[in-house]
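Here is the naming used below: chain letters follow the sequence lines, and residue numbers restart at 1 for every chain.
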Amino acid sequence: MRFTPEEMMTVAAARGLRDGQVVFVGIDLPSRAANLARRLHAPDLVLIYESGTIDTRPDELPLSIGDGVLAETALSVVSVPEIFNYWLQPGRIDVGFLSGAQLDRFANLNTTVIGEYAEPDVRLPGSGGAPEIAASCREVFVVMRHRRRSFVDRVDFVTSFGYGTGPADRALLGLRGAGPVRVITDLGVLEPHPVSAELVLTAVHPGVTVEQVRAETGWTLEVSDELGRTIPPTERELDVLRSLRTVGSP
Amino acid sequence: MRFTPEEMMTVAAARGLRDGQVVFVGIDLPSRAANLARRLHAPDLVLIYESGTIDTRPDELPLSIGDGVLAETALSVVSVPEIFNYWLQPGRIDVGFLSGAQLDRFANLNTTVIGEYAEPDVRLPGSGGAPEIAASCREVFVVMRHRRRSFVDRVDFVTSFGYGTGPADRALLGLRGAGPVRVITDLGVLEPHPVSAELVLTAVHPGVTVEQVRAETGWTLEVSDELGRTIPPTERELDVLRSLRTVGSP
Amino acid sequence: MAKIVSLREAVGELVHDGDTVALEGFTHLIPFAAGHEIIRQQRRELTLVRMTPDLIYDQLIGAGCARKLIFSWGGNPGVGALYRIRDAITRGWPAPLAIEEHSHAELANRYVAGAAGLPFAVLRGSAGTDLPMHTPAVSIVRCPFTGEELTAVAALTPDVTVVHAQRADREGNVQLWGISGVQKEAVLAARRALVTVEELVDELEPVAGEVVLPRFVVTAVAEVPGGAAPSYAHGYYARDNTAYRDWQRISRDRETFAAWLDELQKAEAVGEPGE
Amino acid sequence: MAKIVSLREAVGELVHDGDTVALEGFTHLIPFAAGHEIIRQQRRELTLVRMTPDLIYDQLIGAGCARKLIFSWGGNPGVGALYRIRDAITRGWPAPLAIEEHSHAELANRYVAGAAGLPFAVLRGSAGTDLPMHTPAVSIVRCPFTGEELTAVAALTPDVTVVHAQRADREGNVQLWGISGVQKEAVLAARRALVTVEELVDELEPVAGEVVLPRFVVTAVAEVPGGAAPSYAHGYYARDNTAYRDWQRISRDRETFAAWLDELQKAEAVGEPGE
């Protein structure tokens, strides 16, 4: 069965989730991946959205983070201060999903501004829940399209802290989550090096070469000795993924 | 119509409440007075109990501060942290009611211990919501039986701050409510002197003499130049008061 | 205690030029009608506060009502960018716009501190990121027990908070349910609170998940059916996702936006007498 | 994720000698059955935490289970004193009892800090009173924006929190309503959480005013009908005010209490198999 690079990325992200985990889900790609996992191998995945919906089971994907379908199918809806203070901050979340306009070699993310803060080239939406997701979830998965302008040596603005400038920074800041343990792109998978914390290529998706990945990466990307190759999406994975409909989509 | 000193005290306390005020109510005497006022001249009195019940309209007086009748008849029930943090602390309450085992000349109250803290003569229940009621309500009414062993020169333990040791103390501590503006007893009414903040006798109840009040007060009680005499309970006040039944009472 | 008034009257009395104004509602129950009335009454120099500016602040800012925006995520959710806000920030059109930006958790906790009558709130926050260096409302506080350093955020106390709710009774007690966002905190933190509602009712029947705002923390209630559209009111109507998608086209271009604004200014306020 | 177990098993596994244990429930939903099971299993050296110790801690302390009590109001509400606690504090019978006492707001906020994963919480607190000088868990913190001094309280993180609720589903999601006190915070602050419920159901129907504790913050659920008596379970049974009044007589005298304790120890745990 044919599939697009974006479908491969979504399937790879979904596979990383284990049944019974508690996942803090952002909109778009993360929501798609988490809802895919819930329909496949992880029926008891607990989805939490920052709008305050806990253990929600939407039939259709929400367009926004606070769609009615999230509240209607949730076990519980709490206030926005509560979702951050009582649920995200204390480290109750197993996996947080993030994306960004820029990612750097230490997995720091930028969703704030391209260029200077005071005189932006492009003004982006800003941080939302991302800084605390990056700080507090036990693990963070980053999901984003792999392009040279996005995979940069240093992000213009650190919206979400990955590993800062090296392996010791998170501990120095007192951040309690492990940080981004996996970056899943439409080309492959990057993981932080256990010693340096710099992102290295650990897997390429079917049909993708290391050279392609390097060409789309803005730093000298190291490749793992045990480079893997992602198993292509199964028919069932693709069927379910393609059946996911977004609320109100044409 | 004949009445007891305690009935006079309760009626006097109820009369002090104005319609539309928001009242933070403790159990026993305060609850009786507030519910009496609500049935007489203040039908729109908003009663809040520290158990989290907002705008509750109990048919019968609760025995405890968290009786079911309070939740069943409330406009809203919130958590205990919320009632203290969002409702009491910011100064939304017009009148807080307090009582105590000891009261001193500066309207400080003790509900913690008689004797030394480490080696108590009598161990009392402790503070509950009283310290923050005393600090944060716009005004505090104290309601308690007037006995020499309770109306003391200095309380053994300051559980709730009145005026400390004089008129400047509340401001120095940053307390935002006005403090105890009225002490209603079964003998009369005491109010803080506008300059010294010391409690002075401003009214005696029917049939009570100044000498009686002084005999039951453990400091040299000053008497206001404009000493008043409380109007006796009306028939209607007594009828309604006597009709108030406590939940589960025999 | 809350007064029941028309929307025009409420905005006229409660929202003044130069005020700090929070219109809250997290995706759900966004007070669009009230925002449009603020545009119609041509308020100026507002400091606008919202976690997610959304279309409503793109509109208010495009209309020139604001001089400052305090926010935590400024996109068109699931669709794209808010071009009127971008235009104001990066090119000062129609007026320069100062910004003060936070993470969601930090801005939510600024309201929490305001609601609690405290000068600040403590959280773990955006430590390590570049955010704190750009806002004076974020600082550091040390735990007196463990010595640990934590983020402190300054209390936010709007002059007026505006929210939309499903129902109010005739005394002005307000009831809302579904995703309740930061509305309770935003109302409790404010000096004045204006609530538009889908309907006034004789009695508020209890609803699971309800948030109740008692009449003594609400300044005015205006009955404005549909007052949250094109966002949604749980139990009343759904989000108009098409309108959100269409906004891209309107927002992107100054002239298209100007035409939209003309139409708005010609229209009567919803829920007005005589309509 | 929560396990569904018997009360005996739950207490056996989750409550250990020397633990810091919070049994919460503000007048309503007090977990009496669980407390009695702790007495039966003869736990010792517990640090007991409760805003209002109530009869249940008078019983646990009279039975010699505790070495320390953290509390904020220690009376028999509307009735009188808790003599077993008095006896332990003032005369060390049956064992010396250390105390750490707070105002309600301070103790509630110690749980809030624990639930929020913070080392402390800020509030206005009992400034000016004699309380702070007697507890090391209260300190002062200065606002980094205004310079104002406020009260700081240390986070409280019990080894185990026990609460009673109306219902749980078979996955262990818990639902309670009515006066909900500080139960959510006490559960979220704890390392382990045991919930006894009136009934296990297939599906939790939404209820106005509900607090839901999702299965991933609950360690074990035990079905114990009547497990809150003589306190009450909103929608199930009323408070047994007579039992509260009668407790005065039992509590006042060591021998009368000893007889009560004998009876308790002979009785089977409620909700056990075979009962």
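- Counting heavy atoms from C-beta on, the side chains of C:T27 and A:S51 never come closer than 4.5 Å.
- In this structure, the separation between CG on A:L124 and CZ on C:R86 is 6.5 Å, given to the nearest 0.5 Å.
- Of the atoms belonging to A:E72, heavy atoms from both backbone and side chain fall under 4.5 Å from chain C.
- In this structure, chain A has no heavy atom under 4.5 Å from any part of C:Y244.
- With chain A as the partner, the residue from C:N241, C:T242, C:V211 showing the most heavy-atom pairs under 4.5 Å is C:N241.
- Here the side chains of A:S127 and C:T129 are not in contact, with every heavy-atom distance at 4.5 Å or above.
- Atom CD in C:E149 sits 10.0 Å away from atom CG in A:L173 (nearest 0.5 Å).
- Annotation: maximal heavy-atom pairing with chain C below 4.5 Å, among A:G68, A:P125, A:G164, A:A134, occurs at A:P125.
- More than 12 heavy atoms of other residues, nucleotides or ligands shown are found within 6.0 angstrom of CZ on A:R242.
- For the atom pair CD1 of C:I89 and CZ of A:R123, the computed distance is 5.5 Å after rounding to the nearest 0.5 Å.
- Residues A:V247 and C:R239 are not in side-chain contact: their nearest non-hydrogen atoms beyond the backbone lie 4.5 Å or more apart.
- Here the closest non-hydrogen pair linking A:S79 and C:E185 is OG-OE2, 4.4 Å.
- Once rounded to the nearest 0.5 Å, the distance linking CZ of C:F26 with OG of A:S64 reads 8.5 Å.
- In this structure, chain C has a heavy atom under 4.5 Å from the side chain of A:T53, while its backbone stays farther away.
- Top candidate by heavy-atom pairs under 4.5 Å with chain A, chosen from C:S126, C:G128, C:S180, C:G178, is C:G128.
- A heavy-atom distance below 4.5 Å is not found between the side chains of C:W73 and A:E50.
- Interface remark: A:L175 contributes side-chain atoms only to the contact with chain C (heavy atom separation under 4.5 Å).
- Residue with the most contacts toward chain A among C:A208, C:G75, C:S103, C:P53: C:S103 (heavy-atom pairs, distance under 4.5 Å).
- Note that the OH atom of A:Y117 and the CD1 atom of C:I99 stand 3.5 Å from one another [nearest 0.5 Å].
- The shortest side-chain heavy-atom distance between C:H134 and A:T112 does not fall under the 4.5 Å cut-off.
- To the nearest 0.5 Å, atoms CG (A:N85) and CG (C:N109) are separated by 4.0 Å.
- At a 4.5 Å heavy-atom cutoff, the contact between A:F84 and chain C is made by side-chain atoms alone.
- Here C:G125 is the residue among C:A108, C:G125, C:A81 with the most heavy-atom pairs under 4.5 Å with chain A.
- Interface residue C:V182: backbone and side-chain heavy atoms are both found under 4.5 Å from chain A.
- Comparing C:G181, C:P77, C:S231 by how many heavy-atom pairs each has under 4.5 Å with chain A, the most go to C:G181.
- Of all heavy-atom pairs between C:T90 and A:P120, the closest is CG2-CG, 3.7 Å.
- Although no hydrogens or angles enter the test, the distance criterion places a donor-acceptor pair under 3.5 Å between the side chain of A:Q89 and the main chain of C:R124.
- Contacts of A:R170 with chain C are absent, with no heavy-atom separation under 4.5 Å from either backbone or side chain.
- Most heavy-atom pairs under 4.5 Å with chain C, from the set A:P131, A:G126, A:A74, A:P81: that is A:P81.
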